[in-house]
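Here the structure is laid out as structure tokens; the discussion comes afterwards.
None of these values were measured; they are calculated from a predicted model. The basis for the numbers below is simple: all heavy atoms, side chains too, and nothing from hydrogens, waters or symmetry mates.
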Amino acid sequence: MMRMHFHYAWPRGILLAMVIAAADRHTGKMTLRRAHGQRPPLSPQFKPGRFSTKGGAIELRDVVVYVDGRTENTGTLEFAAALAFEHGAHLVGVFIQPELALSRAEMFVRGKGIEDVVAAHQGKLGGIEADRRALFESVARRHGIRAEWRLVPSADSGESAVHARYGDLAVVARQDPGDQQVGPPGLVESLILTSGRPTIVLPPRCTATPIRRILVGWNAGREATRAVADALPLLVRADTVEVLVVDRNGHFAGHGEEPGADVARHLARHGAQVEVRQLSSGGKDVGRLLLSRAAAFRADLIVIGAYGHSHLSEWIFGGVTRTALREAELPVLISR
């Protein structure tokens, strides 16, 4: 058993507690806790929905949720609304107008008939939007949150990611495996690669569950560092956070003497309850190992950086990110 001791001070120079990190060589698990076993008392200025007493940055103020016109959105909206409610945030609904395919008969219409086809399609699109907007507004009212509705002409529009850039967090559901389309990258990929904001990707038919247990995939790289910083508003609220280090002697050199200890200490200083677990992949798929550990940990959310490499003018996600995007059965927060 190896023990490492860290000290940290609260504002005004008052020493509050000792943080003890204990690493078990057999399990690879390291736990950080305060020596007296208690959190410091909350500041008198603390209010639900706020984490800073005087303008700190650990806050969610705008949650952007993407509403698909082709699929059922209840679970996605419930998840985003519950998240906005818990953080006292404003909810922005961005409706992605679907592209309606022409029937064989409509493809051969000529003359004035074309105008009738266009009018019919516009009527269908208007009905779909009205239905999704009514659901969005109903969910927002039930949660008692501030909300607004926006419209994007289609998923291929570059405008989709623009809305995420002016929020703290984007929420989007990935496509059902049976609904994959061949062509340019979809909305999920576009948000991750171009928005510059963290994106929570939900599995199809997701249900709203509180985020109380979070698994962080940590390799000391730039992308993982960005993801941890972006996820801070969620990490400090969680009941427990596990930092997972796979193959501690990997190609990233920023781990330090004890992989996972530095990032765990950083999160503990923010008030997060952190444990560190070190595992060896044994040459197996790291992405599936991450998902397996998330299931064993009973995680409500996975936090990872988006890893990939460019090929000509396209981005291709690396193995861990690709596996999480395709196979995770729980929400995944991804940043790059």
**OP:** Locate the shortest heavy-atom distance separating Val152 from Ser160; write the atom from each residue and the value.
**Re:** CG1-OG, 3.7 Å
Subject >> Leu215 and Arg293, any side-chain heavy atoms less than 4.5 Å apart >> reply: yes
Subject >> Under the salt bridge (Lys or Arg N to Asp or Glu O under 4.0 Å) test, residues paired with Glu137 that sit two or more places apart >> reply: Arg133
Original post:
Which residues pass the salt bridge (Lys or Arg N to Asp or Glu O under 4.0 Å) test with Asp285, sequence neighbours left out?
Top reply: Arg288
Original post:
Roughly how far, to the nearest 0.5 Å, is the CD atom of Gln278 from the CD atom of Glu258?
Top reply: 5.0 Å
Subject >> Residues in side-chain contact (heavy atoms from CB on, under 4.5 Å) contact with Arg197, at least two apart in sequence or another chain >> reply: Asp168, Ser195, Arg226
Original post:
Distance only, no hydrogens: is a donor on one side chain within 3.5 Å (strictly under) of an acceptor on the other, for Ser281 and Asp247?
Top reply: yes
Original post:
Can you name the residues that form a side-chain contact (heavy atoms from CB on, under 4.5 Å) with Glu148, not counting sequence neighbours?
Top reply: His90, Val92, Arg150
Subject >> Residues in side chain to side chain donor-acceptor pair (under 3.5 Å) contact with Arg298, at least two apart in sequence or another chain >> reply: none
Subject >> Straight-line distance of Gln273 CD to Asp239 CG, nearest 0.5 Å >> reply: 9.0 Å
Subject >> Donor-acceptor under 3.5 Å (Asn219 side chain, Gly217 main chain) >> reply: no
**OP:** For Glu78, check salt bridge (Lys or Arg N to Asp or Glu O under 4.0 Å) against everything at least two apart and list the hits.
**Re:** Arg142
Subject >> Non-hydrogen side-chain atoms of Arg165 and Thr194 separated by less than 4.5 Å >> reply: yes
**OP:** Would you check if Leu325 and Val332 make a side-chain contact, meaning some heavy-atom pair closer than 4.5 Å?
**Re:** no
Original post:
What closest approach, in Å, do Leu333 and Ser335 show between heavy atoms, and which atom pair accounts for it?
Top reply: CD2-OG, 3.9 Å
Original post:
Which heavy atom in Ser280 sits nearest to a heavy atom in Leu289, and how many Å separate them?
Top reply: O-CD2, 4.2 Å
Original post:
Who passes side-chain contact (heavy atoms from CB on, under 4.5 Å) against Ala81, sequence neighbours left out?
Top reply: Leu91, Val139, His143, Ile145
**OP:** Applying side chain to side chain contact (heavy atoms under 4.5 Å, CB included), run through Thr76 and Val67 and close with a yes or a no.
**Re:** CA-CA 8 Å; Thr76 303; Val67 183; over 6 Å; no
Original post:
How far apart are the closest heavy atoms of Ile302 and Ala294, and which atoms are they?
Top reply: CD1-CB, 3.7 Å
Original post:
side chain to side chain donor-acceptor pair (under 3.5 Å) with Thr207: which residues, sequence neighbours excluded?
Top reply: none
Subject >> Rounded distance (nearest 0.5 Å) linking atom CD1 of Ile192 with atom OG1 of Thr321 >> reply: 7.5 Å
Original post:
From Leu169 CG over to Asp230 CG, what is the distance, rounded to the nearest 0.5 angstrom?
Top reply: 8.5 Å
Subject >> Those residues that, when tested against Arg146, pass side chain to side chain donor-acceptor pair (under 3.5 Å) (two or more places apart) >> reply: none
Original post:
Partners of Arg141 by side chain to side chain donor-acceptor pair (under 3.5 Å), sequence neighbours excluded?
Top reply: none
Subject >> Heavy-atom closest pair, residues Val172 and Thr199 >> reply: CG1-CG2, 3.7 Å
**OP:** Identify, with sequence neighbours excluded, every residue that meets side-chain contact (heavy atoms from CB on, under 4.5 Å) alongside Thr225.
**Re:** Trp218
**OP:** Decide yes or no for Phe79 and Val65: does some side-chain heavy atom of the first lie under 4.5 Å from some side-chain heavy atom of the second?
**Re:** no
Original post:
Are Val216 and Val263 close enough that some pair of their side-chain heavy atoms sits under 4.5 Å apart?
Top reply: no
**OP:** Could you check if a side-chain atom of Val171 sits within less than 4.5 angstrom of a side-chain atom of Leu202, using non-hydrogen atoms only?
**Re:** yes
Original post:
Residues in ring pair (Phe, Tyr, Trp, His ring centres under 6.0 Å) with Phe297, at least two apart?
Top reply: none
Original post:
Does Glu59 reach the side chain of Pro233, with side-chain heavy atoms less than 4.5 Å apart?
Top reply: no
Subject >> Working for side chain to side chain contact (heavy atoms under 4.5 Å, CB included), residues Tyr166 and Asp62 >> reply: CA-CA 8 Å; Tyr166 301 104; Asp62 291 287; over 6 Å; no
Subject >> pair His87-Leu234: side-chain heavy atoms closer than 4.5 Å >> reply: yes
Original post:
So, for Leu83 and Ile200, which heavy atoms are closest and what is the spacing to 0.1 Å?
Top reply: CD2-CD1, 4.2 Å
**OP:** Quick one: pull up CG in Leu235 and CG in Leu267 and give me the separation to the nearest 0.5 Å.
**Re:** 5.5 Å
**OP:** Before accepting this row, confirm whether a basic side-chain N of the pair Arg212/Glu86 lies closer than 4.0 Å to the acidic partner's carboxylate O.
**Re:** yes
Original post:
Say you draw a straight line from CZ of Arg132 to CH2 of Trp149; how long is it, rounded to the nearest 0.5 Å?
Top reply: 8.5 Å
